[in-house]
Q: 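Supplied in structure tokens, the structure appears directly below.
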Number of protein chains: 2
Amino acid sequence: MIAITLLEKYNGIIKNYKNGDLIFEEGNQPLYYYQIISGEVKMNNYNDEGKEFIQGIFYKNQCFGEPPLFIDQVYPANAVAVTDSELIVITKDKFLELLKNNSDISLAIIKNLSQRLYYKSVMAAEISSQDPEHRVLRLIDYSIEQLNFKKEEAGFLINFTRQQIGDLTGLRVETVIRAIKSLEKKGDLKIINRKVYR
Amino acid sequence: MIAITLLEKYNGIIKNYKNGDLIFEEGNQPLYYYQIISGEVKMNNYNDEGKEFIQGIFYKNQCFGEPPLFIDQVYPANAVAVTDSELIVITKDKFLELLKNNSDISLAIIKNLSQRLYYKSVMAAEISSQDPEHRVLRLIDYSIEQLNFKKEEAGFLINFTRQQIGDLTGLRVETVIRAIKSLEKKGDLKIINRKVYR
DNA sequence: TATTTTATATGATTTAAGTCATAAAATGCA
DNA sequence: TGCATTTTATGACTTAAATCATATAAAATA
């Protein structure tokens with residue numbers, strides 16, 4: 001998103017997180033702008049019964065957790081490193097200052113937020129009113145478009161576990177497994193030693 | 001959102017829609033920026049079986065349908081007038097020009113998108129993994145916060161039909177009706193001649 | 001005002017996804 | 001290398017919400 005050199009000019013600090021580390025927690029006041037230098041971060045919630053819902057997974061060069069920064073609300077979800085990750089962090093004040101001085105960044109932020117809102121709109125409609133196979137396939141197609149899944153001979157390698165697909169679509173693992181099997185039978189995707197290709 | 005006088009400077013045109021009129025359709029190329037002068041607009045999708053999902057309801061002074069404008073994608077949902085409505089519309093080019101010349105508007109857009117993303121995040125987690133009563137109550141509480149529901153002696157009047165609540169939460173009317181009844185029994189809300197108060 | 005349409009309401013039944021149990025690969029790690 | 005954990009897999013069963021049917025009240029409209 002934002003050039004690291006620019007972030008460093010605004011007192012950017014490099015922070016390292018181990019796989020599983022909590023970066024921020026639902027309900028906390030947002031204080032920083034976070035951008036991924038390397039690694040992978042998910043934002044998630046847990047419902048009353050402890051079931052996880054993954055809001056999104058973020059990769060290299062992406063930022064996350066800005067919306068509450070702009071609207072002075074607490075975080076609606078947790079951020080957790082899903083691999084060892086290196087982040088660059090600047091304070092809210094510095095971030096707003098950076099924005100003010102760099103109008104092109106504003107447009108980049110607008111585009112990024114728009115993209116995420118688009119994803120949420122599509123998935124909201126899917127999750128609320130489509131059958132499991134439809135939901136899984138839509139998530140896969142959207143992820144191929146947006147994330148950098150590798151294209152191999154068999155097709156795009158879907159780099160998600162069945163559990164992650166479940167947590168992103170609001171389905172249980174078993175349901176995802178059965179949906180994927182059924183989609184394979186219909187020829188919509190391939191399973192090659194347990195990996196999913198589309 | 002944006003002052004009407006300013007929109008008029010950028011060739012803003014007033015358009016009138018009757019209750020039920022389609023403003024734009026899922027799958028179409030976005031060409032305009034839309035802002036509500038008076039009336040009420042919903043954005044919705046229909047699933048394969050024709051079940052409606054309401055992405056959001058928008059009121060006076062709010063804009064809608066900008067995200068695809070920024071990211072050059074087709075509309076992910078329809079926009080439909082739910083009351084007779086007066087909108088002001090400017091072309092995409094003029095809108096981007098307006099943004100470039102008014103950096104304070106950029107921040108307003110960022111805040112607006114952030115607010116909507118926040119709503120989607122909260123509702124996504126709710127819809128995917130909470131029971132009907134929880135979903136209904138969260139929608140109601142969120143809507144009280146965000147929309148201008150009137151505070152009366154009995155509490156905030158929830159200005160939604162049961163059907164609308166169902167379409168916003170992905171539940172069927174009957175389920176919403178039963179959830180509301182049950183929430184009333186628990187004292188979480190009031191029903192006074194069929195109207196819901198919280 | 002009468003009539004149609006929309007919204008709320010409730011009971012009975014169905015069904016799809018969740019839950020539970022169990023197992024075997026695959027992967028991580030000590 | 002061996003052991004523990006995670007991931008994928010499958011069958012049996014349960015259950016919560018959807019579906020269906022029907023009714024009545026309220027609102028819209030002719």
Side-chain angles (χ1 to χ4, degrees), chain A residues 18-20 40 42 47-54 80-84 126-137 139-140 157-185 189-197, chain B residues 18-20 40 42 46-54 80 82-84 126-137 139-140 157-185 189-197:
Chain A
K18 290 241 158 274
N19 178 2
E40 218 168 294
K42 70 177 171 185
N47 78 352
D48 298 346
E49 281 89 48
K51 183 174 183 292
E52 181 177 10
F53 176 73
I54 300 180
V80 180
V82 289
T83 64
D84 293 356
E126 285 293 321
I127 285 175
S128 95
S129 59
Q130 296 286 5
D131 61 283
E133 291 180 26
H134 207 287
R135 278 150 85 167
V136 168
L137 207 55
L139 174 77
I140 286 175
L157 170 62
I158 308 311
N159 197 23
F160 285 145
T161 65
R162 313 288 195 270
Q163 183 65 64
Q164 282 180 320
I165 293 175
D167 294 341
L168 283 159
T169 54
L171 298 167
R172 308 251 70 152
V173 217
E174 298 94 324
T175 307
V176 173
I177 289 168
R178 292 188 250 253
I180 287 176
K181 290 255 151 173
S182 163
L183 286 165
E184 191 205 18
K185 246 179 214 156
L189 37 78
K190 283 175 202 154
I191 308 178
I192 300 169
N193 55 53
R194 299 171 152 216
K195 288 177 198 302
V196 179
Y197 295 86
Chain B
K18 288 243 159 273
N19 178 2
E40 218 169 293
K42 70 177 172 187
Y46 294 93
N47 78 352
D48 298 346
E49 282 87 50
K51 182 174 184 292
E52 181 177 10
F53 176 73
I54 300 179
V80 181
V82 288
T83 64
D84 293 355
E126 285 294 321
I127 286 175
S128 95
S129 58
Q130 296 286 8
D131 61 284
E133 290 179 27
H134 207 287
R135 278 149 86 168
V136 167
L137 207 54
L139 175 78
I140 287 175
L157 169 62
I158 308 310
N159 197 23
F160 286 144
T161 65
R162 312 287 196 272
Q163 184 65 64
Q164 283 179 320
I165 293 174
D167 293 340
L168 282 160
T169 54
L171 297 166
R172 308 251 72 149
V173 218
E174 298 95 324
T175 306
V176 173
I177 289 168
R178 291 187 251 252
I180 287 176
K181 289 256 153 171
S182 163
L183 285 166
E184 190 205 18
K185 246 180 216 158
L189 36 79
K190 283 175 202 154
I191 307 178
I192 300 169
N193 54 54
R194 299 173 152 218
K195 288 178 199 301
V196 179
Y197 295 87

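Every chain is numbered from 1 and lettered A, B, ... according to where its sequence line falls, protein lines coming before strand lines.
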Q: With the side chain counted from C-beta on, respond yes when B:Ile180 and B:Ile165 share a heavy-atom pair under 4.5 Å apart, and no when they do not.
A: yes
Q: Taking C-beta and beyond as the side chain, do A:Phe160 and A:Ile54 meet within less than 4.5 Å on heavy atoms?
A: no
Q: When you compare the side chain of A:Val136 with that of A:Thr175, does any pair of heavy atoms fall below 4.5 Å?
A: no
Q: Can you find a heavy atom in the side chain of B:Thr169 that is under 4.5 Å from one in the side chain of B:Glu126?
A: no
Q: Expressed in angstrom and rounded to an integer, what is the separation of B:Gln164 atom CD from C:dT6 atom P?
A: 14 Å
Q: Does any part of the side chain of A:Tyr197, heavy atoms only, come nearer than 4.5 Å to the side chain of A:Ile192, both counted from C-beta?
A: yes
Q: Within a strict 4.5 Å, meaning less than it, do heavy atoms of the A:Arg178 and A:Glu174 side chains meet?
A: yes
Q: Find the distance A:Arg172:CZ to D:dT8:P and express it as a whole number of Å.
A: 16 Å
Q: Heavy atoms under 4.0 Å is the rule here; annotate nucleotides 8-16 of chain C 5' to 3' with B where the base is hit, S where only the sugar-phosphate is, and - elsewhere.
A: BBBBB----
Q: So do A:Asp167 and A:Gln163 actually touch side chain to side chain, heavy atoms under 4.5 Å?
A: yes
Q: Less than 4.5 Å apart, any side-chain heavy atom of B:Arg162 and any of B:Val196?
A: yes
Q: What is the distance from CG of B:Asn193 to P of D:dA26, rounded to the nearest Å?
A: 7 Å
Q: Return the polar atom pairs (N/O with N/O) between nucleotides 27-29 of chain D and the protein under 3.5 Å, or none.
A:
none

